[in-house]
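All remarks here apply to the structure that follows.
Chain letters run A, B, ... following the sequence lines, proteins first, then strands; residues in each count from 1.
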Amino acid sequence: MERYDPIKIEEKWQARWESEKPFKATEKSDAPKMFLAEMFPYPSGAGLHVGHVRNFTIVDVLSRFYAQQRLNVMRPFGYDTFGLPAENYAIKTGTSPQSATKVNIDNFRKQAKRLGYAIDWDREINTSDPAYYKWTQWCFLQLFKKGLAYQKESYQWWCPVDQTVLANEQVENGCCWRCGHEVEKKKMKQWFFKITEYADELLDEVDALDWPEKIKTMQKNWIGRSKGSIVNFAVKDTQQEIKVFTTRVDTIFGATFIVLAPEHPMISELVNDNTREKVAEYCKNAIKKSEIERQENKEKTGVFTGAYAINPLTGEEMPIWVADYVLMGYGEGAVMAVPAHDERDFDFAQKFDLKVKKVIEKPENSDDDSACYHGEGVLVNSGQFSGTASEDAREQINAWLGERGIGSPKTTYKMRDWLISRQRYWGCPIPIAYDKDGNPHAIPEDQLPVMIPEVEDYKPDNTGRSALAKCKDWLKVTIDGEEMTRETDTLDGYACSSWYLWRYASPHDDNYAWNPEAIKYWEPVDVYVGADHAVAHLLYVRFWCKFFADQGFLPFREPIKKLIYHGYINAPDGKKMSKSKGNVIDPLDVINDGYGADTLRTYEMFIGPVELDAAWDPRSVGGVYRFLNRCWSLCFADAKKAEPVQTAQARHKTIKKVTEDIYRCNFNTAVAALMEYVNELYKVGVSNDDLVALAKLLKPFAPHLASEMLEKLGADDEWPTWDDKHLVSDTVEIVVQVNGKLRAKLSVPAEDIEDEEKIKSLALENEKVKKFVSGEPKKVIFVKKAKLVNIVA
RNA sequence: GCCCCGGUGGCGGAAUUGGUAUACGCGUUCGACUUAAAAUCGAAUGGAGAAAUCCAUAUGAGUUCAAGUCUCAUCCGGGGCACCA
């Protein structure tokens with residue numbers, strides 16, 4: 001007898017999908033559009049891993065589900081090919097990034113096709129294709145024209161191994177996100193995108209998004225808005241002022257000293273002959289210190305400058321110190337220290353024996369007994385403001401400072417501007433050239449793309465510049481008759497991925513980055529699926545969207561309606577899969593072991609709740625294979641027959657459950673419901689209606705097998721609907737509890753559910769129930785919705 | 001340290017609005033088929049007990065006719081932030 005042969009079935013359908021292109025998306029449709037995408041992969045040399053499969057299969061299940069509901073679905077595909085991993089891989093394998101990328105893309109495409117994804121392959125994009133990065137450069141120029149791409153000299157994170165600067169988002173615990181090496185601080189002139197311009201909008205609009213709360217919280221924390229005040233402190237015996245940022249201006253009477261960050265530009269003017277050397281030494285060491293060293297040593301260090309500021313409220317002198325616990329990048333790089341009500345200032349005051357002055361009385365009911373109370377309270381020792389609640393005092397003191405022109409309310413953000421220069425070869429060249437005086441000029445749009453020159457040796461060479469600097473001819477460019485020199489930095493790869501979702505709408509358009517008509521039809525993305533980049537990529541696309549909406553290029557301000565953020569798949573031992581541990585599961589091995597793509601896909605949907613990490617279990621893969629095998633047998637072997645009416649309830653119940661579960665992205669329970677249904681059909685028999693319904697419901701998960709079944713049955717794949725009338729049976733089961741404990745089950749005719757008195761008396765007459773009820777019950781509760789009677793005895 | 005989310009059989013996990021705890025899968029055990037094995041099919045499977053029954057959703061209290069679900073406290077695990085003034 002013939003047996004379930006997934007390899008043969010899958011080959012047949014994949015060949016058909018390849019030639020017939022059933023997933024081609026066009027704008028010509030009366031049906032509502034549905035645009036789904038995964039976070040496009042970096043095509044590594046290792047090929048697809050099981051995490052990719054989970055990611056792509058979620059998108060595929062939804063794509064097929066909506067397509068079966070006859071929505072106009074677009075599900076494109078692309079490759080994120082620029083960047084360090086690709087360049088480092090090419091270095092390691094001794095090839096060029098160009099050819100390594102081509103090989104890896106071909107492999108990824110082949111493997112994605114082997115998984116049977118419903119992708120419109122005519123919408124394939126690749127960020128290192130000149131036809132693509134021409135438009136990345138165009139995007140850069142739009143930001144440049146509006147002043148949102150600018151250069152600034154400042155201390156930046158520098159990775160000595162990868163020999164490039166990194167954005168804040170790419171530094172994790174003081175280490176490079178790519179190689180894990182500790183990063184250093186280096187003062188350099190670099191390109192930035194002014195994302196802070198959109199800080200408020202990025203923060204305020206995040207709440208309304210249909211995204212996981214976890215991601216929304218991370219974005220809010222990252223933006224880190226805090227409302228406070230700027231206060232100018234006059235430096236004694238000079239005309240100078242030190243600006244500080246504080247969220248607690250109400251504690252200003254308790255501000256007994258000032259602390260500056262070691263990078264603060266005023267330090268050299270504040271020191272005197274006695275302190276100059278010591279302060280310079282301290283600053284030099286502090287600036288050199290790595291972020292990790294600064295974090296590890298929480299013991300406060302600092303040095304006195306010799307200068308004093310005047311507290312404008314008390315008139316008292318405040319010594320001005322320098323300490324590395326104050327960060328230059330936040331606020332004004334200077335703080336007014338209130339040791340009585342701030343733990344860090346308190347530690348510092350203790351160590352250096354500085355004055356502590358209490359100015360906030362904590363409420364009597366407060367259980368905060370820390371050395372320095374940092375909550376709200378009533379002001380004391382605060383002149384005319386004593387007795388005022390701290391919240392009100394902030395406003396009053398702000399007003400007092402404002403009248404005298406020495407302070408004002410101010411909002412600050414933790415988020416910094418996005419550093420986008422990279423001193424590496426394999427990236428999108430920044431379309432800028434410099435004149436003789438070093439001023440940057442845009443490369444005219446008709447000269448785009450600025451192509452990456454092909455070079456023999458593209459490795460970083462310790463010059464702090466990319467290999468583009470070595471291409472003497474390439475460097476020369478003439479703009480408006482003037483000879484200029486090209487920028488040799490390339491763009492952070494995140495720039496390339498900040499607009500690719502819009503390119504999908506018109507992937508081959510030569511006249512536009514994104515065609516306005518196509519954008520209007522397809523965008524924004526309805527469902528976006530990924531497992532990474534919670535703040536970086538997902539914040540950058542929102543930033544670019546708002547910017548390009550402001551320029552009139554996009555008719556929406558949020559690029560992604562719904563975000564699904566799925567968990568990782570770990571090794572069977574629960575640990576992260578990694579080559580070095582040798583515990584990597586190769587999805588292609590699973591397929592070629594004879595399980596096939598349908599089993600792999602369905603297993604990864606069944607593995608657990610979509611948002612949670614899950615451990616790979618090879619035995620459960622077998623369980624899913626057995627399930628598909630049973631589906632096959634019902635359709636192609638001699639299965640026990642049943643009349644449609646016998647199985648109607650199970651069928652409609654399953655249709656409802658699977659439909660609702662897919663809408664909720666509860667893929668694991670959707671598959672479980674299908675398994676339950678098949679178990680039921682094995683028991684009572686199967687009708688043609690059941691096979692058609694089963695195949696249709698199965699298709700998003702196991703499209704090859706389902707297509708094979710539908711072909712044999714002569715049915716289309718339109719998503720089935722359920723009728724509530726089939727969900728009720730002639731008799732209903734009533735649960736009887738005594739004091740909340742299950743004691744009996746009654747079977748009553750369906751129409752009796754309306755007769756509360758009858759059901760209550762049936763319950764009380766039940767022999768099993770009687771055993772637990774002596775005398776008159778205190779109370780009898782009937783819950784129709786739960787089909788339950790509870791007797792309180 | 002602060003914020004958020006969890007803790008359910010031997011394992012992964014169900015339980016959607018406070019209403020039958022343990023769906024589905026794995027594993028285990030038994031049986032059928034087979035010379036045998038694999039595959040497949042069927043049955044059983046939270047714990048204790050001969051049974052009636054009792055006890056079980058981290059622990060302890062509480063609210064309720066009814067709690068895995070709500071409240072409080074404690075313990076444990078995971079994630080995020082972390083010298084951000």
Side-chain angles (χ1 to χ4, degrees), chain A residues 1 3 173 212-215 217-218 220-222 224-226 228-229 244-249 251 255 259 261 294-295 297-300 323-327 329-338 341-345 347-348 370 374 412-415 534-535 572 574 603 606-609 611-624 626-627 629-630 633 637 657 660-661 664 666 668-679 682-683 733-745 771 777-793:
Chain A
M1 191 184 76
R3 298 180 59 169
N173 295 320
E213 285 306 317
K214 186 177 106 177
I215 308 301
T217 305
M218 282 169 76
K220 284 190 235 174
N221 289 344
W222 185 262
R225 179 164 65 196
S226 80
S229 318
V244 308
F245 173 73
T246 177
T247 53
R248 291 298 301 271
V249 76
T251 62
V259 188
R294 277 206 194 185
Q295 275 173 0
N297 187 13
K298 295 243 170 170
E299 176 86 16
K300 294 282 178 290
D324 67 359
Y325 81 91
V326 176
L327 309 173
Y330 185 73
E332 299 294 323
V335 301
M336 62 172 216
V338 185
H341 303 292
D342 182 285
E343 207 169 326
R344 296 150 301 178
D345 299 342
D347 292 346
F348 195 79
S370 53
H374 55 265
T412 59
Y413 304 87
K414 283 192 205 172
M415 183 172 66
V535 284
Y603 170 66
F606 183 62
I607 196 167
E611 71 279 4
L612 296 186
D613 290 354
W616 187 269
D617 180 359
R619 291 180 302 203
S620 285
V621 178
V624 171
R626 278 191 280 281
F627 159 64
N629 195 11
R630 281 157 75 85
S633 296
K657 173 79 176 153
E660 291 178 348
D661 274 351
R664 283 192 295 257
N666 292 344
N668 55 330
T669 51
V671 174
L674 289 169
M675 289 172 167
E676 230 175 311
Y677 181 40
V678 167
N679 291 345
Y682 260 71
K683 271 194 208 109
E733 188 179 73
I734 301 285
V735 169
V736 186
Q737 297 177 335
V738 179
N739 294 331
K741 282 187 180 167
L742 175 68
R743 294 302 178 191
K745 291 179 181 181
K771 276 166 61 183
K778 291 198 191 93
K779 207 169 170 186
V780 182
I781 292 157
F782 173 62
V783 187
K784 193 167 107 183
K785 193 184 63 185
K787 296 181 199 127
L788 173 144
V789 177
N790 191 18
I791 299 162
V792 187

Counting the atoms with a prime plus P, OP1 and OP2 as sugar-phosphate, which does [X] contact under 4.0 Å by heavy atoms, base, sugar-phosphate, or nothing?
X: A:L674; value: nothing
X: A:T247; value: sugar-phosphate
X: A:G623; value: sugar-phosphate
X: A:E660; value: nothing
X: A:T412; value: nothing

Set of salt bridge (Lys or Arg N to Asp or Glu O under 4.0 Å) partners for [X], sequence neighbours left out:
X: A:E660; answer: A:K656
X: A:K220; answer: A:D207
X: A:D345; answer: none

Among the nucleotides [options], which one has an atom lying closest to any side-chain atom of [X]?
X: A:T246; options: B:C83, B:A85, B:A14; result: B:A85
X: A:K785; options: B:A85, B:U17, B:G79; result: B:U17
X: A:K771; options: B:U20, B:A52, B:C83; result: B:A52
X: A:M218; options: B:G80, B:C26, B:U16; result: B:G80
X: A:S620; options: B:C55, B:G25, B:C83; result: B:G25

When rounded to the nearest Å, what value does the distance between [atom1] atoms of [N] and [M] take?
N: B:A43; M: B:C33; atom1: C1'; result: 15 Å
N: B:C55; M: B:A21; atom1: P; result: 13 Å
N: B:U57; M: B:A23; atom1: C1'; result: 15 Å
N: B:U40; M: B:C54; atom1: C1'; result: 40 Å
N: B:C24; M: B:G46; atom1: P; result: 12 Å

For [X], all residues meeting side chain to side chain donor-acceptor pair (under 3.5 Å), sequence neighbours excluded:
X: A:N790; result: none
X: A:K787; result: none
X: A:N629; result: none
X: A:Y413; result: A:D200

Provide the closest heavy-atom pair for [X] versus [Y] in the form atom of the first, atom of the second, distance.
X: A:A670; Y: A:D661; value: N-OD2, 3.3 Å
X: A:R248; Y: A:H374; value: NH1-O, 3.0 Å
X: A:I791; Y: A:V780; value: CG1-CG1, 4.2 Å

Using whole Å, report how far [atom1] of [X] lies from [atom2] of [N].
X: A:K745; N: B:G19; atom1: NZ; atom2: P; result: 16 Å
X: A:N221; N: B:G79; atom1: CG; atom2: C1'; result: 12 Å
X: A:L742; N: B:C54; atom1: CG; atom2: C1'; result: 14 Å
X: A:R743; N: B:U20; atom1: CZ; atom2: P; result: 15 Å
X: A:E213; N: B:C5; atom1: CD; atom2: P; result: 10 Å
X: A:D345; N: B:A85; atom1: CG; atom2: C1'; result: 7 Å
X: A:L612; N: B:G7; atom1: CG; atom2: P; result: 10 Å
X: A:D661; N: B:A23; atom1: CG; atom2: C1'; result: 12 Å

Filtered N/O pairs between nucleotides 39-42 of chain B and protein, under 3.5 Å:
{"unit_1": "B:A39", "atom_1": "O2'", "unit_2": "A:R3", "atom_2": "NH2", "d": "3.0"}
{"unit_1": "B:C41", "atom_1": "OP1", "unit_2": "A:R630", "atom_2": "NH1", "d": "2.8"}

Answer yes or no: side-chain N or O of A:K657 and base N or O of B:U16 forming a donor-acceptor pair under 3.5 Å. yes
Does the B:U20 base have a donor-acceptor partner in the side chain of A:K787 within less than 3.5 Å? no
For [N], does either OP1 or OP2 sit under 4.0 Å from a side-chain N or O belonging to [X]?
X: A:N668; N: B:A14; value: yes
X: A:Y330; N: B:A85; value: yes
X: A:K414; N: B:A85; value: no
X: A:R619; N: B:U28; value: no
X: A:T669; N: B:G13; value: no

Please name all residues satisfying side-chain contact (heavy atoms from CB on, under 4.5 Å) with A:K771, sequence neighbours left out, ordered by chain then number. none
Reading RNA chain B 5' to 3', how would its secondary structure be written in dot-bracket notation, given Watson-Crick and G-U pairs with both distances under 3.5 Å, brackets [ ] for crossing pairs and | for partners on other strands? (((((((..(((......[....)))((((((.......))))))(((....)))..(((((..]....))))))))))))....
Detail all sub-3.5 Å separations between protein N/O atoms and N/O atoms belonging to nucleotides 65-69 of chain B.
{"unit_1": "B:C65", "atom_1": "O2'", "unit_2": "A:N790", "atom_2": "ND2", "d": "3.2"}
{"unit_1": "B:C65", "atom_1": "O2", "unit_2": "A:N790", "atom_2": "ND2", "d": "2.7"}

Between A:G622 and A:D342, whichever has its closest RNA chain B nucleotide further toward 5' is A:G622
Got a list of side-chain donor-acceptor pairs under 3.5 Å for residues 612-620 of chain A, not counting sequence neighbours?
{"unit_1": "A:D613", "atom_1": "OD1", "unit_2": "A:Y568", "atom_2": "N", "d": "2.7"}
{"unit_1": "A:D617", "atom_1": "OD1", "unit_2": "A:R619", "atom_2": "N", "d": "3.0"}
{"unit_1": "A:D617", "atom_1": "OD2", "unit_2": "A:S620", "atom_2": "OG", "d": "3.1"}

